[in-house]
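Here the structure is laid out as structure tokens; the discussion comes afterwards.
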Protein chains: 2
Amino acid sequence: MRVSQAEKERSRDRIVTSAARLLRERGVDGASVADVMSDAGLTHGGFYRHFETKDALVAAALDQAFDQFISTVSRGALTPDPQAAVAGFMKTYLSEGHVAHPGQGCPIPALAADVGRSSPLVQERFSAGVRRMVAAIGHAMPGDDEARRSAAWRQLAMMAGAVMMARTADSPTAAEILTACGGGDS
Amino acid sequence: MRVSQAEKERSRDRIVTSAARLLRERGVDGASVADVMSDAGLTHGGFYRHFETKDALVAAALDQAFDQFISTVSRGALTPDPQAAVAGFMKTYLSEGHVAHPGQGCPIPALAADVGRSSPLVQERFSAGVRRMVAAIGHAMPGDDEARRSAAWRQLAMMAGAVMMARTADSPTAAEILTACGGGDS
DNA sequence: CTTTATGGATGTCACCTATCATCTTTAGGG
DNA sequence: CCCTAAAGATGATAGGTGACATCCATAAAG
């Protein structure tokens, strides 16, 4: 049955939110349109009233996933000591909780490889999210602009690589990786 | 038609070699059994004479991919100066050539995310390959055993993360990432 | 010359993206 | 205030592709 425009807006939000989680949990191919719609409490038939293609959904979901994750990063960045904020973010990023729950985590270790094989639209949105993250991290790095940006790239690359590898490893190895890269045990 | 056992062995090798490349290029879901068999010059009908399941092929292909890639790493490690060897390996790893050709590159940035969602068998084989790489890299690091291993994890995480992100980015951004992480332009 | 097992051809079943007729309800003009 | 056209949701379905199974012709092996 038809619903109000406000309700449709909320439906769309639920679809995107479900997609943002399921994509990170199962990968681009592993999260089907029907899965996402079902998770959003709808049937798959109505999907194409909201999005042209699955690709468009992926792009929208990536935006939301980065928004959500960056807001987590930035929340700490307003503390008096920006370097302490980055340190706290690193601990959270390199935690077993982040490894265990990709659905709420950083899109980079969860989806970068998939995105590298996806459409230009998806790549562009993803890349924009990555740049936003680098900017957010670099903001709290020491040195001049170029040094901060460069340090932020190294930091982000290491963190993303560490979480990604930890997700393929057994528990002791995962802990070893996280610790080696500067993470905690939380 | 039936072929000799030696020929079967060669068929199997071709299948694994094709899989090792196609998996890295297209991901686990993107490379179908039919694709792999076709690439190996066979039809998909005979596949299950060689492997129980697709999973078993993935495991075998991961082993070969790591073998091939580690032999590249280790080739340089025999030079008089092991630290120079690691530096050379880093330059190669963080090159645009590596970013552009995942099919011959490191399995980690290409497949870690997929593996994190795969069967325990696949995860175990992949994790074993990762540990072999860390051992190979750590071999040429300074400091005591623990420090070397820890430094190797950081290095590998950063390199894998950098290549993975570079593969989702446009050319200038990719170059920026590689340079920031210590790579060259080759 | 018989046995055997490889690889090819074809089939089955499930699932994925995308579409559509249909029902229902909203939104807006008279 | 009501009536009607537009539009969201539904369930069925089309078309394609995936993993995996089965039958068959044939050549190796004894």
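As a basis for the values below, the full set of heavy atoms in this structure was taken, side chains included, without hydrogen atoms, waters or symmetry mates. Lettering of chains follows the sequences in order, A, B, ..., and the numbering in each one begins at 1.
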Side chain of [X], heavy atoms from C-beta onward: which of [options] has the nearest atom to it?
| X | options | value |
| --- | --- | --- |
| R49(A) | dG7(C), dG11(D), dA9(D) | dA9(D) |
| K54(A) | dA19(D), dA9(D), dA18(C) | dA18(C) |
| V3(A) | dT10(D), dA27(C), dG8(D) | dG8(D) |
| Y48(A) | dT19(C), dG7(C), dC20(D) | dT19(C) |
| H44(B) | dA19(D), dT10(C), dC16(C) | dT10(C) |

Salt-bridge contact [X]-[Y] (side-chain N to carboxylate O under 4.0 Å):
| X | Y | value |
| --- | --- | --- |
| R14(A) | D39(A) | no |
| E25(A) | R117(B) | no |
| D145(A) | R148(A) | yes |

Problem - Contact under 4.0 Å: S32(A) side-chain N or O vs dC16(C) OP1/OP2 - result: yes
Handout entry: side-chain N/O S11(B) vs dG7(C) OP1/OP2, d < 4.0 Å
Key = yes
Problem - hbond_proxy R2(A) side chain to dA6(D) base (donor-acceptor, 3.5 Å cutoff) - result: yes
Exercise for the section: Among residues two or more places apart or on two chains, list those pairs meeting ring-ring contact (aromatic ring centres under 6.0 Å, His included) that have a residue in residues 106-135 of chain A. Expected result: F66(A)-F126(A)
Practice task
Starting from P on dC16(C), measure out to CG on L22(A) and report it in whole angstrom.
Solution key: 12 Å
